[in-house]
Amino acid sequence: MFKIILNNNKSLEINNVLLKEEYGGYETWEAIVADICEVFNMSEEIEFIVMGFGQDKWPVDCMYDLLCVAEDLPKIIMGFSENIFNFELDFYEQGLERKLTFKDKGTFIEIFCKSLTKWTPEPVSECTSKKELVEMILELYRKFILYSKYLCKN
């Protein structure tokens, strides 16, 4: 069953890691998210977990893979509020190279996994309820914000 989770794998310690500000400040959500993901990765306290399609735990990390997902979270969540459940998540880091396509099937969401490597998803699609998908994505976003408040002071 498909899952996407952000976990605190250690006792979360509040520290004074600061986000770097270049060129007088941040201009985009993506720049902020990139720095947060770098802090998560350096802290070794936050674990990004993706599972499903025959693999219990994908080889993902906070530095690149969480970044790919987190950049799209606001757009995905806004889509949910407009009853839009069709979207894609790309895991394009070399070696992983997978694409998840979420398709609204009326009463449920079908998630298709495409691999661009030798790894083959089994099964190639999984289903979840809209409620479960929304809860999973909102919880990922909530934890992303929560953990960033603890690990990033600015």
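- The closest donor-acceptor contact from the side chain of N41 to the backbone of C37 lies at 3.5 Å or more, if one exists at all.
- Salt bridge E135/K130: absent, no basic N to carboxylate O contact under 4.0 Å.
- R98 and P59 make their closest contact through NH2-CD, 4.3 Å (heavy atoms, listed as atom of the first residue, atom of the second, distance).
- The same ILVMFWY cluster, assembled from side-chain heavy atoms under 4.5 Å apart, contains both L138 and L66.
- The minimum heavy-atom distance linking D56 with M51 is given by the pair O-CB, 2.7 Å.
- Linking ILVMFWY side-chain heavy atoms closer than 4.5 Å, directly or via other members, places I49 and M63 in two distinct hydrophobic clusters.
- In this structure, the side chain of T128 does not engage the main chain of E132 through any donor-acceptor pair within 3.5 Å.
- Contact annotation: the side chain of L100 approaches that of F2 to within less than 4.5 Å [non-hydrogen atoms, C-beta and beyond].
- Annotation: the span from C62 atom SG to I36 atom CD1 amounts to 11.5 Å, rounded to 0.5 Å.
- Looking only at atom types and distance, the side chain of E97 has no donor-acceptor partner in the side chain of T117 under 3.5 Å away.
- Atoms OG and NZ, on S148 and K143 in that order, are 14.0 Å from each other to the nearest 0.5 Å.
- Between the side chain of N86 and the main chain of D104, a donor-acceptor pair closer than 3.5 Å is present.
- Between L73 and I137 the shortest side-chain heavy-atom distance falls below 4.5 Å.
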(request) With side chain to side chain contact (heavy atoms under 4.5 Å, CB included) as the test, would you mind laying out the steps for L67 and V33 before giving the verdict? (result) CA-CA 7 Å; L67 173 61; V33 170; 3.6 Å; yes
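- Among all heavy-atom pairs drawn from D90 and C68, the shortest one is O-CB, 3.3 Å.
- Note: F87 and F102 have parallel aromatic rings, judged against thresholds of 30 and 60 degrees for the angle between ring planes.
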(request) Dump the intermediate steps for side chain to side chain contact (heavy atoms under 4.5 Å, CB included) on I4 and M136, then the final yes or no. (result) CA-CA 7 Å; I4 189 166; M136 187 175 6; 3.6 Å; yes
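- A distance of 11.0 Å separates NZ in K75 from CD1 in I84, rounded to the nearest 0.5 Å.
- A donor-acceptor contact shorter than 3.5 Å is absent between the side chain of K103 and the backbone of F85.
- Cluster annotation: F112 and F108 are assigned to distinct hydrophobic clusters (Ile/Leu/Val/Met/Phe/Trp/Tyr, side-chain heavy-atom contacts under 4.5 Å, transitive).
- A distance of 13.0 Å separates CD in E38 from CG in L151, rounded to the nearest 0.5 Å.
- A donor-acceptor pair is defined here as one N or O able to donate and one able to accept, closer than 3.5 Å; no such pair exists between the side chain of W58 and the backbone of L96.
- Of all heavy-atom pairs between E110 and C127, the closest is CG-SG, 4.0 Å.
- Ring geometry for F48 against F91 counts as parallel: the plane angle stays under 30°, on a 0 to 90° scale with 60° as the upper cut.
- Transitive grouping of hydrophobic side chains (ILVMFWY, heavy atoms separated by less than 4.5 Å) keeps Y92 and V60 in distinct clusters.
- With a 4.5 Å cut-off on side-chain heavy atoms, K3 and M1 count as touching.
- Nearest heavy atoms, G54 versus P123: N-CD, 4.4 Å.
- When all heavy atoms of L140 and I5 are compared, the pair lying nearest together is CD1-C, 4.0 Å.
- Judged by distance alone, with hydrogens and angles left aside, the side-chain atoms of D61 form a donor-acceptor pair with the main-chain N or O of D65 at under 3.5 Å.
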(request) Please step through ring pair (Phe, Tyr, Trp, His ring centres under 6.0 Å) for the pair F40 and F144, ending with a clear verdict. (result) CA-CA 9 Å; F40 285 2; F144 184 85; 5.5 Å; yes
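- Taking NZ of K114 as the reference point, atom OG of S125 lies at 15.0 Å (rounded to 0.5 Å).
- The shortest distance between side-chain heavy atoms of F53 and I111 falls below 4.5 Å.
- At least one side-chain heavy atom of I76 sits under 4.5 Å from a side-chain heavy atom of L89.
- Both L146 and L6 are assigned to one and the same hydrophobic cluster, defined by single-linkage of ILVMFWY side chains at heavy-atom distances under 4.5 Å.
- Interatomic distance, E45 CD to Y147 OH, rounded to the nearest 0.5 Å: 10.5 Å.
- Here the side chain of E88 pairs no donor or acceptor atom with the backbone of K99 at under 3.5 angstrom.
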